[in-house]
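Everything below concerns the one structure shown next.
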Amino acid sequence: MSFEVNLNDRTANVELLNRKGNKVKIVVDGKKYDVDIVMVENGVYSIIHNGISYNIELIENNSSKKYIVNTLYESFDVEIVDAESKYLKNRKKDDSGEKNTISSPMPGKVVKILVKIGDKVKAGETVIIVSAMKMESEYKVKKNRLIKNILVKEGDIIDGHQPLIIIE
Amino acid sequence: MSFEVNLNDRTANVELLNRKGNKVKIVVDGKKYDVDIVMVENGVYSIIHNGISYNIELIENNSSKKYIVNTLYESFDVEIVDAESKYLKNRKKDDSGEKNTISSPMPGKVVKILVKIGDKVKAGETVIIVSAMKMESEYKVKKNRLIKNILVKEGDIIDGHQPLIIIE
Amino acid sequence: MIKKVLIANRGEIAVRVMRSCRELGIKTVAVFSEADRTSMHVRYADEAYYIGPSPSNESYLVIDKILQIAKKSKADAIHPGYGFLSENAEFSDRCNDEGIIFIGPSAFAINTMGDKITARKTMIKADIPVIPGTTEKIKNVKSAEKIITDIGLPVMIKASAGGGGKGMRLVRKISDVSSAIRAAKSEAKVSFGDDTVYIEKYIDSPHHIEFQILADSYGNVIHLFERECSVQRRHQKVIEETPSPLMNEKIRNEMGNHAVAAAKAVNYEGAGTIEFIVDDDLNYYFLEMNTRLQVEHPITERVVGIDLVKEQINIANGEKLKYKQNDLKQNGHSIECRIYAEDPDKDFMPNPGKIKHITEPFGLGVRIDGYVYEGYEIPMYYDPLISKLIVWAKTREEAIARLKRALYNYKITGVKTTIKFLEKILDCPDFVSGKYNTHFIEENRNFLISKKKSVGKFQDIAIITAFIDYITKIEKLQPEKESHKLCNNWRDFGRKKGVIRL
Amino acid sequence: MIKKVLIANRGEIAVRVMRSCRELGIKTVAVFSEADRTSMHVRYADEAYYIGPSPSNESYLVIDKILQIAKKSKADAIHPGYGFLSENAEFSDRCNDEGIIFIGPSAFAINTMGDKITARKTMIKADIPVIPGTTEKIKNVKSAEKIITDIGLPVMIKASAGGGGKGMRLVRKISDVSSAIRAAKSEAKVSFGDDTVYIEKYIDSPHHIEFQILADSYGNVIHLFERECSVQRRHQKVIEETPSPLMNEKIRNEMGNHAVAAAKAVNYEGAGTIEFIVDDDLNYYFLEMNTRLQVEHPITERVVGIDLVKEQINIANGEKLKYKQNDLKQNGHSIECRIYAEDPDKDFMPNPGKIKHITEPFGLGVRIDGYVYEGYEIPMYYDPLISKLIVWAKTREEAIARLKRALYNYKITGVKTTIKFLEKILDCPDFVSGKYNTHFIEENRNFLISKKKSVGKFQDIAIITAFIDYITKIEKLQPEKESHKLCNNWRDFGRKKGVIRL
């Protein structure tokens, strides 16, 4: 059985040939690997391949199929693709460009809202300022937009990725 | 609702009066406690009582009702008593004294077996020697006994609490 | 004798102060805000009291609340750490009024050094070099040209109300004075509504070098040598080291003596730091005094061998300094790097959140001063500093190798950190050679944010690991039959033992 | 130049050696037995190879296998750590034969020092004091009495084939010689089938003090001062410190010179340790030489400021010693304590098993050399040493306070450890005063195994915590509706995020 696995922009074809305890024979994009792989701590794997010792850390990324994978010097987004993922992926492709909500990737506090509902704002204009850990971040619109709704008020404590302002 | 909780040889009566987030009002053997209790790491609690900061570590002890509880300088065996525990406890009381199996509390390797099936051994006699981490431990019988069965052989690797020799 | 200390702070510095208290047999009292119930300083302290909502102006900055807890817990002294109330003269005074020892200087010393103009005047009076220039308003181009000729070019025309680089003009030729003043004034007017500008000598290649001092209440003052703090990002120190690669013995002694004189000029008591700006030719100028413990104090502790917090407490206890200047020497080399919860890939955006997993480096010559633990959620209300990694070695070269070794093995997941950025700094030729100034990060920007090329093999290993983990989860799911399985609160290693049956 | 080192060891020492290699830019190769696939040295190394089943005589002690991996991995040197093959002369020779650098002394030095009688003779020849006595068989009571008169009372009559305290008799009066010899002989006969006995001076209050030496291949030898190792349980060191509280400057120099002479007497190369037995009057006698790195080497590193593993590698590289004797001095005080997976409440029964949770102490003056991690299962095949905690401070008193502070905050659960036993030692008046000898643990047995009285309040808090945890589990179980919930492999903090839906 072969799977598709996405790593950042790359899509790799993965086929598991054999697995016996921590000894795994596996093919990645046609290249055969014979690895000794074992989870040593929760989420941390030790892998030995051709004598080289690798330490890989996995962090689940909102889904059991998505991982942030930390190797020695790099961090990758990895996703195991199955039927469900493919469907979601195709659907996602439809709405291109800027999303219709403004949100902050980090939790923080709303310091200032620079717009009102119904305002028309120009590309690059700042609409909201959020502060976290003594630093302020300004959130701007990428295109000319109409402010449809404002879901928070100044002084509010917000979560990461929480919708703050709806634009159109 | 009140519970019985055993701590080593003590049996305490515990009644939860009120719990709101991490603020707990609770009575232990008639003494009322007003504590701020929160799990900070898995299995590690921070408790503040009358301003004093306690760190308590819990380790489950083979059952969800039994704990090893580590405070600053002490380690306690604590058990929450419910109907099932009481039943098991009463049953246990019947078989007093030495159990009819010899086992090692630690994993190790069987170094020497000093008896054969059918042997009669005297109180205090060593029947088996187990080594772990470069140290040998001798296991003796407490009373005069008959060797009914030997479940391991010299050189065997054993788990902790695994029955080694059956006596009568 | 101090027997119980309230630490009016949080984070790594609160824990660090408590460690020294414990070694001295002194009880510790933590105070905590709403967001800090699970913070390490609360867990580490002997006692802990709630002082208010999460924002620091409703908790850690509220003098009344802190004094109230100090009295309630019968603490006889308060250690302010750094930040928060540590340089608040009113707090020092209020502690005094309440009969509680403030482990820090008097309100007078804080006030004098806290106001830039007063500090400057006090230093000039004490014969300590300050940056040539004027804090007076420039009246006209002619008088400006005269002043500039006295100071020597280049100079900076600066807006009095200034900040953030606005209303500033660099002047390298006397013929440019007039236009520079005009430009600076007009920008200052627009930006701050005040067109007052003044002149200050411009240091082309500035180094930030500071001296640690200790002063007892009997007028004895010693310095504990310098710390080189020129690796800065947006005026925030990133890496500090001692000895400074720039320094020589003669200038070190001179600067040390000036640092001692500066402390004496304000009748200083306790631990403090005199910051200097130094040019490539080792001309140095008083910049400011920090009337508290510095974040980077551990490198001094390591090289001089003295626990600065213990000395602060001894001084507060009215003891005389145990050391004379001649008892002290610098032994080997120490470097500290600060690990922040910030994302270097996204312009150092702060990154509060839950720590998933930590692997700390250990072994020879490594010290860690941190406060986060696995499962801890770093709150968004306070400083993003999560840990300081301090190394020592016989030589600077070995210290850099050791710091690289330690960073290599320092893993924190769950939040983004600056660890990889720090590794880049240690690889940077300008840092390795020791020839750097406060422009270092800016000038090496491209090097520092560049990434190692991704190797296909690492990618494949990453794919294999994620894939194996995924199919292991699937397999474990299959034979699921019992209905009452639950993820319990325990540290589960292996699935079987993680299952509770109730 | 050494570019890749195979570490023929496991546990903390393997990781410790790898750290120094990494700082030197040297690649590391781990070897591991069946039981050690998940051991830290495998994870820390650049490369890792399987060498055989768990018992060390089928893996870590098999010279052929180790050399085979060294060749396969193209390692140019082998570091043996301590234990295992570290004092195996054949291994040193075999490495030489294969053109692989053995980071340690020659077979000649190992052999000479490894055989007690040869070592003794070599030392006598080199004018180094040895314990007065004879290794020859006692022929009759008369000649024995003469020898004893020469040596001076008290003496010990010892079985040549002896061990475990059998066939030994202490003689305090000359009139007892005859009966003591008779008793020792008859016990020796019964126990070992050989009634040969010899005489050795008995040291009433023996101190175990050892000197670290470094010797290059050009005949340069230096010593790095002493380590006091008298706190022992069953001849196993428990706590070591430097400087020794017993020592004075004159004897230190004398012993140091003798240690250097001892190393020179066997043309020693590398790092080694000369062990002395010292009485209360500072008479000292050569005991033996350990021709390898010692477990307790970190306290020397801390006080002298030298990385001993790096020096071993430099010497193996054919470099000259970087330091002369006069360059070295002892700075402050360092103490190491060894944390074993043993149960002090059950006569120190070894306690292999899975580590559930670790909290490590950090901060000023604290070094940890360990190898276990959360979730690691300590195998039953090897030494129960899991970690070494090393502290430094300006004075001995401060070092003890610091060690207590660090132990207080060192928590390891899942296996029993000796941490609480170590805390008791630090509280013991004989240790605090520095007046102790190798009988310390035995003489203070009652104090050391006594427990603090249980306080009712602590009991109540323990009950409350367990109870709250239990009812929290019950409550979480109630609203369980979805059928497909599973404990996943992740570090879950809080139940909600720990649930996977597939």
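In what follows, chains are A, B, ... by sequence order, proteins preceding strands, each numbered from 1. Computation of the quantities below employed the complete heavy-atom set of this structure, encompassing side-chain atoms and omitting hydrogens, waters and symmetry-equivalent molecules.
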Exercise. By a 4.5 Å heavy-atom criterion (distance strictly below it), what part of D/Tyr340 contacts chain B: side chain, backbone, both, or neither?
Worked result: neither

For this session: May I ask you to say whether B/Lys65 pairs ionically with D/Asp469, meaning some side-chain N is under 4.0 Å from a carboxylate O?
Result: no

Problem set entry | Toward chain D: residues of residues 23-37 of chain B with heavy atoms under 4.5 Å | B/Val24, B/Ile26, B/Val28, B/Lys31, B/Tyr33, B/Val35, B/Ile37

Problem set entry | Over 12 foreign heavy atoms within 6.0 Å of CZ, D/Arg445 | no

Exercise. Taking side chain as C-beta onward, heavy atoms only, is B/Met133 less than 4.5 Å from D/Glu342?
Worked result: no

Exercise. What are the two closest heavy atoms between B/Ala12 and D/Ile463, and how far apart are they?
Worked result: CB-CD1, 3.7 Å

Exercise. Quick one: does D/Lys411's side chain get under 4.5 Å of B/Val44's, heavy atoms only?
Worked result: no

Problem set entry | Heavy-atom side-chain contact between B/Arg19 and D/Glu475 under 4.5 Å | yes

Problem set entry | Note: B/Glu60-D/Lys473 ion pair, threshold 4.0 Å (strictly below) | yes

Problem set entry | Step-by-step side chain to side chain contact (heavy atoms under 4.5 Å, CB included) determination, B/Val5 to D/Tyr470 | CA-CA 11 Å; B/Val5 179; D/Tyr470 176 74; over 6 Å; no

Exercise. Within a reach of under 6.0 Å around CG of D/Asp347, are more than 12 heavy atoms found that belong to other residues, nucleotides or ligands?
Worked result: yes

Problem set entry | Exercise: identify the closest heavy-atom pair between B/Val69 and D/Ala466 | CG2-CB, 4.3 Å

Exercise. If contact means a heavy atom pair closer than 4.5 Å, which residues of residues 147-158 of chain B contact chain D?
Worked result: B/Ile157

Exercise. Does NZ belonging to B/Lys109 count more than 12 external heavy atoms closer than 6.0 Å?
Worked result: no

For this session: State the CZ-CD distance between D/Phe467 and B/Glu15, to the nearest 0.5 angstrom.
Result: 9.0 Å

Problem set entry | Interface residue of largest heavy-atom contact number with chain B, from D/Thr359, D/Asp460, D/Ile471, under 4.5 Å | D/Asp460

Problem set entry | Among B/Leu7, B/Thr71, B/Ile56, the one residue meeting side chain to side chain contact (heavy atoms under 4.5 Å, CB included) with D/Phe458 | B/Thr71

Exercise. Got a second to check how far D/Thr465's OG1 is from B/Met39's CE, nearest 0.5 Å?
Worked result: 12.0 Å

Problem set entry | Check: D/Lys457 and B/Tyr54 side chains under 4.5 Å, non-hydrogen atoms | yes

Exercise. Under the 3.5 angstrom rule, does the side chain of D/Lys356 hit a backbone N or O of B/Ile59 as a donor-acceptor pair?
Worked result: no

Problem set entry | Note, B/Ile47 side chain near D/Ile464 side chain (heavy atom, < 4.5 Å) | no

For this session: State, to 0.1 Å, how close B/Phe76 and D/Ala462 come at their nearest heavy-atom pair, and which atoms those are.
Result: CD1-CB, 3.7 Å

Exercise. Residue by residue, which of residues 112-130 of chain B have a heavy atom closer than 4.5 Å to a heavy atom belonging to chain D?
Worked result: none

Problem set entry | Close side-chain approach of B/Leu16 to D/Ile468, heavy-atom, < 4.5 Å | yes

Exercise. Which distance, rounded to the nearest 0.5 Å, do you find between the OG1 of D/Thr472 and the OH of B/Tyr45?
Worked result: 5.0 Å

Exercise. Between D/Pro350 and B/Met106, what is the shortest heavy-atom contact and its length?
Worked result: O-CG, 3.2 Å

Problem set entry | Spacing of D/His357 atom NE2 and B/Asn70 atom CG [to the nearest 0.5 Å] | 11.0 Å

Exercise. At their closest point, which heavy atom of D/Pro352 faces which heavy atom of B/Pro107, and how far apart are they?
Worked result: CG-CG, 3.7 Å

Only pairs under 3.5 Å count here: list side-chain donor-acceptor contacts from residues 379-388 of chain D, not counting sequence neighbours, and write none if there are none.
unit_1	atom_1	unit_2	atom_2	d
D/Tyr382	OH	D/Ser33	OG	2.5
D/Tyr382	OH	D/Ser54	O	2.5
D/Asp383	OD1	D/Leu385	N	2.8
D/Asp383	OD2	B/Lys134	NZ	3.2
D/Ser387	OG	D/Tyr410	OH	2.7
D/Lys388	NZ	D/Glu12	OE1	3.3
D/Lys388	NZ	D/Glu12	OE2	2.9
D/Lys388	NZ	D/Val295	O	2.7

